[in-house]
Q: 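Below are the structure tokens for one structure; questions will follow.
What's counted below: heavy atoms across the whole structure, side chains too, no hydrogens, waters or symmetry copies. As the structure lists them, so they are numbered: ligands from 1, and atoms in each ligand from 1.
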Amino acid sequence: MSQLQEELVVLRERLALHDSDRQATTTQLQNQVEHLKEKLISQAQEVSRLRSELGGTDAEKHRDRLMVENEQLRQELRRCEVELQELRAQPVVPCEGCEHSQESSQLRDKLSQLQLEVAENKGMLSELNLEVQQKTDRLAEVELRLKDCLAEKAQEEERLSRRLRDSHETIASLRAQSPPVKYVIKTVEVESSKTKQALSESQTRNQHLQEQVAMQRQVLKEMEQQLQNSHQLTVQLRAQIAMYEAELERAHGQMLEEMQSLEEDKNRAIEEAFARAQVEMKAVHENLAGVRTNLLTLQPALRTLTNDYNGLKRQVRGFPLLLQEALRSVKAEIGQAIEEVNSNNQELLRKYRRELQLRKKCHNELVRLKGNIRVIARVRPVTKEDGEGPEATNAVTFDPDDDSIIHLLHKGKPVSFELDKVFSPWASQQDVFQEVQALITSCIDGFNVCIFAYGQTGAGKTYTMEGTPENPGINQRALQLLFSEVQEKASDWQYNITVSAAEIYNEVLRDLLGKEPQEKLEIRLCPDGSGQLYVPGLTEFQVQSVDDINKVFEFGYNNRTTEFTNLNEHSSRSHALLIVTVRGVDCSTGLRTTGKLNLVDLAGSERVGKSGAEGNRLREAQHINRSLSALGDVIAALRSRQGHVPFRNSKLTYLLQDSLSGDSKTLMVVQVSPVEKNTSETLYSLKFAERVRSVELGPGSRRTELGSWSSQEHLEWEPACQTPQPTARAHSAPGSGTSSRPGSIRRKLQPSA
Ligand code: ADP
Ligand code: MG
């Protein structure tokens, strides 16, 4: 028991010791916590102090100062710019090469450079500001971390105090349990005698108490353990606090260092910027002073320039008057010149008209000298169609010294003829055309011209008049010449060229270009009383080029391609006429001229009546012979200047009346076949040609000649036609000796049924 009591006492002592120990530790911990709190507060104060210090550093003051200076500089600059603008606004006087302008432009450049530098400085300043801002942000961050640490510490503290409180409570509860034990012991002491049996009870109780003690011990152990733990915790906390403190210290040091370096950087940058700005400012000031002095020197120059400008302005004001005067005098001069030119022109026009009349007179004289009616012969070459043997031998020769002589060997006897000109078989189409060119040109001057191709069938009439597409004859060349002549005169004259094509077959006149080729056309007197003849319904096409002519022929061909079946035969028995009318107006005088060019491919001149033709063929021959002798009569009458010209004896002469009489010119091309078998017809043709030509001037003799010729030649056949001979001559057979030529109007026509 006593042992137990001793033990209890010991336990109590130990408990008290523990208590005191714990209290000591607790107070120690509380002290430590207090100390830490104080430290924290002091650090926070330090931080806020630092922060307040940071708010007003030298660097910031520097910056403010610089900003103020910058503002001042800016204002100065603005002032300068305003001044410059004012200067610019003043009337700009060109002063090229002036040294001031160069200087001012340099100054302007410098100014803009300085402005750029100022802008750069501004940028740097803002960079520095940004840096300070960043540092401040970092400081705030560190502070936050510190705050976090403090909060953690406070939490730890609270936890510790809570545990302390728990320990106190446990100890108090343990103290409260001690009295029942005392009571039991007392009871044991008082009632030891009585309750021996209760000893066991006590013993059990003791047991129980011992158990409780053991439990208490356990609890104590636990508490000790807890205490140990709390010790460890405290140690840990201390270490942590130390660590925090170290960290805080380090952060603080770092911060101070950073702040210091930042401040240094800032100060340095500001100093640099300031120095630069001062230097620049100085330069700007100097430039400004230079600009001001320049301006001062420029002002007098500007004044003189303004004066000059005003003087020039005054001069310019006088210009219109001067100009008007000059214009007036020039106008007068021009007017005078125009008048002079006009009178000159009048004079020239007068002379030109006189010359024109003179030319016509000369031409007339020339033609008169050459004869209004000319006869030429053209001998065609021997062709394949002439065959071979003695019949195809050449019977025609020429005089080498005289191109108007032709010799024919007829039945062994040489016969010679003299004409206006003789073309040998070697003469080209161009050579022949050369001979007729003058006649065609006279058509433009208002003369009427007739060109006839006369001769037996196959002698080359169509070749001479129409030619071949590769080697065209008089027709196409004449039109080509007319076109080119008209073109040449186009500046003074306006010409209109029209074309008609007609055919006379069996004394019936037909329009080759009309829509009704079978229609018979009549020759009528013009109702205007001029005595002129015209053919109502005869188609007239206006042409401007050879192409137009070809188109006109094509049109005629297309119109009549189905009309006739034997084209060659028909064409050799009809007269084909191409009538070209040239109407001109003189642009300056209004004078009008009309010339007619009649290109006639006559029907074959072979004497059919003598070779005994019958029926249609005989009728054709009679018509042909009658018309040809009528033509001979008319030409003879004209050439001998007879009072009466028998135009009305045939359709051909009646139609050509206008073109054969008066100032008109006629050319007869007598076509000759050179071969032996055709000598009779050749002789006949050449006789006809020579007679036409040899009609002498003087009315009496002429009439006699004409009479003898008419009765001897073309009229000769008439009795014979009443007793026709049945023979047909091979050489004159229609189509034998002719080749089909496209574009030939006559060849497109064949006898109607
Ligand atoms: P016509 O019209 O008088 O009946 P053509 O003109 O039809 O005769 O001529 C008959 C033939 O002779 C044609 O084949 C033609 O080409 C040819 N001929 C005519 N004259 C010449 C000439 N000067 N040169 C070459 N061939 C010609
Ligand atoms: Mg012919």
Q: With the threshold set at under 4.0 angstrom, would you say Ala459 reaches ligand 1 through any of its heavy atoms?
A: yes
Q: Suppose I only count heavy atoms of Thr462 and a 4.0 Å limit; which atoms of ligand 1 are within that range?
A: 1 (P), 2 (O), 6 (O)
Q: Establish, yes or no, whether the cationic atom of Arg524 lies under 6.0 Å from the six-membered ring centre of Tyr534 and within 45° of the ring axis.
A: no
Q: For the side chain to side chain contact (heavy atoms under 4.5 Å, CB included) test, which of Thr581, Leu597, Val580 pairs with Ile497?
A: Val580
Q: What heavy-atom pair brings Arg477 and Pro472 nearest, and what distance separates the two atoms?
A: NE-O, 2.7 Å
Q: Side chain, backbone, both or neither: which part of Arg378 has a heavy atom under 4.0 Å from ligand 1?
A: side chain
Q: I want to know if ligand 1 touches Gly460 in the polar sense, i.e. an N/O pair below 3.5 angstrom.
A: yes
Q: With respect to Gln671, determine whether any N or O atom, backbone or side chain, lies less than 3.5 Å from an N or O atom of ligand 1.
A: no
Q: Could you tell me, atom by atom, which parts of ligand 1 come under 4.0 Å of a heavy atom of Arg380?
A: 12 (O), 19 (C), 20 (N), 21 (C)
Q: So that I can check it, does any N, O or S atom in Thr457 come closer than 2.8 Å to the Mg ion (ligand 2)?
A: no
Q: Give the atoms of ligand 1, by number and element, whose distance to some non-hydrogen atom of Pro381 is under 4.0 Å.
A: 21 (C), 22 (C), 23 (N), 24 (N), 25 (C)
Q: Quick one: does Gln456 get within less than 4.0 Å of ligand 1, heavy atoms only?
A: yes
Q: Any N/O of Tyr463 closer than 3.5 Å to an N/O of ligand 1?
A: yes
Q: Under 4.0 Å from a heavy atom of Thr457: give me the atoms of ligand 1 that qualify, with their elements.
A: 4 (O)
Q: Between Arg374 and Glu435, does any side-chain N to carboxylate O distance fall below 4.0 Å?
A: yes
Q: If we count only N and O atoms by modelled type, under 3.5 Å, do the side chains of Tyr505 and Glu620 hold a donor and an acceptor together?
A: yes
Q: Under 6.0 Å from the ring centre and within 45 degrees of the ring axis: does the NZ or CZ of Lys421 meet both conditions for the six-membered ring of Phe423?
A: yes
Q: Would you check whether Lys461 has a nitrogen or oxygen atom less than 3.5 angstrom from a nitrogen or oxygen atom of ligand 1?
A: yes
Q: Does even one non-hydrogen atom of Gly458 get within less than 4.0 Å of ligand 1?
A: yes
Q: Applying ring pair (Phe, Tyr, Trp, His ring centres under 6.0 Å), can you list everything that pairs with Tyr495, at least two apart in sequence or on another chain?
A: Trp493
Q: Does the side chain of Tyr352 reach to within under 4.5 Å of the side chain of Thr589, using non-hydrogen atoms?
A: no
Q: Hey, can you tell me if Trp426 and Phe398 have their rings parallel, tilted or perpendicular (30° and 60° cut-offs)?
A: perpendicular
